[in-house]
Amino acid sequence: MSRVPEPLIIGRVVGEVVDNFFPSVKMTVTYNSNKQVSNGHELLPAIITARPRVEIGGEDMRSAYTLIMTDPDAPSPSDPYLREHLHWMVTDIPGTTDASFGKEVVSYESPKPTAGIHRYVFILFKQRGRQTVRPPCARDYFSTRRFSEENGLGLPVAAVYFNAQRETAARRR
């Protein structure tokens, strides 16, 4: 894993949510045990109601990671005045495990896009040590960059995003 995958740049995740970084840890996000998140692919809201399984690589279990899920397009991509909306945060995840082994400090909030196509971004940071990350005060107006600075997390070690939009009756058929 060397350079930032191009979809993160094309999808404006790099730039609007995080700065340019070099992925160094493998992260796999899977909904409903069979829908793996791939950069820029669309997932239907019915599929993303329950929290996903997030598997994390890393060197060993002594390393700790923070996982953030955010929506930089809230409440709508044309007017994202709530940017970013925090959907989920798990800290103290041991390397080589999954998010269920960490501490959920902001509970999973199912994405419910009301207007336009939203990007939902999973960002993984390596912590300096366990219990070194303080949870944010609110979900709205969250800033991944500011949060990283305040908690000494540095640049991300992995990121992936998917798109979702409101399901109409015609799309459900």
Side-chain angles (χ1 to χ4, degrees), residues 1-31 35-43 47-48 51-59 63-74 77 80 82-111 113 116-128 132-133 135-136 139-165:
M1 295 188 213
S2 54
R3 55 189 200 89
V4 177
E6 277 191 40
L8 292 174
I9 295 169
I10 294 167
R12 299 180 332 275
V13 170
V14 169
E16 291 183 7
V17 181
V18 296
D19 293 325
N20 206 359
F21 71 98
F22 295 100
S24 59
V25 173
K26 183 175 171 51
M27 176 175 69
T28 306
V29 180
T30 310
Y31 279 97
K35 293 285 185 190
Q36 187 170 328
V37 173
S38 296
N39 283 321
H41 289 223
E42 182 174 4
L43 295 178
I47 292 170
I48 55 180
R51 104 180 45 141
R53 177 177 172 89
V54 181
E55 297 175 75
I56 294 166
E59 303 96 45
S63 300
Y65 296 89
T66 291
L67 173 71
I68 293 169
M69 178 186 178
T70 183
D71 174 3
D73 301 317
L82 295 177
R83 177 177 290 163
E84 301 160 44
H85 182 78
L86 181 62
H87 279 270
W88 192 31
M89 184 181 290
V90 183
T91 63
D92 298 328
I93 306 167
T96 71
T97 68
D98 67 70
S100 68
F101 288 89
K103 180 180 176 188
E104 186 177 65
V105 295
V106 177
S107 63
Y108 182 79
E109 180 182 89
S110 177
I117 299 171
H118 289 243
R119 297 165 292 163
Y120 294 94
V121 186
F122 293 91
I123 307 136
L124 187 69
F125 292 95
K126 186 173 183 179
Q127 296 174 208
R128 291 175 307 195
T132 58
V133 176
R139 289 182 186 261
D140 286 334
Y141 308 108
F142 180 79
S143 166
T144 300
R145 280 188 187 95
R146 186 177 62 240
F147 183 80
S148 172
E149 283 176 27
E150 290 170 355
N151 288 280
L153 296 172
L155 291 171
V157 294
V160 66
Y161 82 101
F162 68 91
N163 295 321
Q165 60 185 308

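- Using cut-offs of 30° and 60° for the angle between ring planes, the Phe142 and Phe147 rings count as tilted.
- For the side-chain hydrogen bond (donor to acceptor under 3.5 Å, both in side chains) with Arg119, the qualifying choice from Asn39, Asn163, Asp73 is Asp73, the only one to do so.
- Residues Pro156 and Phe125 share a closest heavy-atom pair of N-CE2, 3.5 Å.
- Of the possible polar contacts, one joining the Ser148 side chain to the Gly154 backbone as a donor-acceptor pair under 3.5 Å is found.
- Going from atom OH of Tyr65 over to atom CG of Leu153 covers 12.0 Å, rounded to the nearest 0.5 Å.
- Contact check for Pro136 versus Met89: side-chain heavy atoms found under the 4.5 Å cut-off.
- Of all heavy-atom pairs between Asn20 and Leu155, the closest is O-CD1, 3.7 Å.
- Looking at every heavy atom in both residues, Phe21 comes nearest to Ala159 through CZ-CB, 3.8 Å.
- One finds the NZ atom of Lys35 at 4.5 Å from the CD1 atom of Ile47 (value rounded to the nearest 0.5 Å).
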Go through the steps to decide whether Phe22 and Ser24 satisfy the test side-chain contact (heavy atoms from CB on, under 4.5 Å), and finish with yes or no. CA-CA 6 Å; Phe22 295 100; Ser24 59; over 6 Å; no
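- Taking OG1 of Thr96 as the start and CD of Glu55 as the end, the distance is 11.0 Å to the nearest 0.5 Å.
- With rounding to the nearest 0.5 angstrom, the OG atom of Ser143 is 11.0 Å from the CG atom of Leu86.
- Electrostatic pairing of Glu84 and Arg145 does not count as a salt bridge here, judged by no charged N lying under 4.0 Å from a carboxylate O.
- Minimum heavy-atom separation, Trp88 to Val54: CZ3-CG2, 3.8 Å.
- Atom OH of Tyr31 and atom CD of Gln36 lie 12.5 Å apart (nearest 0.5 Å).
- The side-chain heavy atoms of Val121 and Met69, taken from C-beta on, include no pair separated by under 4.5 Å.
- Using the six-membered ring where Trp is involved, His87 and His85 have ring planes that are perpendicular, over 60° apart on the 30 and 60° scheme.
- The side-chain contact (heavy atoms from CB on, under 4.5 Å) with Val17 is formed by just one residue from the set Thr70, Ile68, Asp71, Leu8; it is Thr70.
- Nearest heavy atom pair, residue Tyr108 against residue Pro52, reads CE1-CD, 3.6 Å.
- Here the shortest heavy-atom pairing between Ala99 and Leu67 reads CB-CD2, 4.2 Å.
- Side-chain atoms of Gln127 come within 3.5 Å of backbone N or O of Asp92 as a donor-acceptor pair.
- One finds a salt bridge joining Asp98 and Arg53 here, because a Lys/Arg side-chain nitrogen approaches an Asp/Glu carboxylate oxygen to under 4.0 Å.
- The distance from the CE atom of Met27 to the CD1 atom of Ile123 is 8.0 Å, given to the nearest 0.5 Å.
- Using a 4.5 Å heavy-atom threshold, the side chains of Ile48 and Phe162 count as touching.
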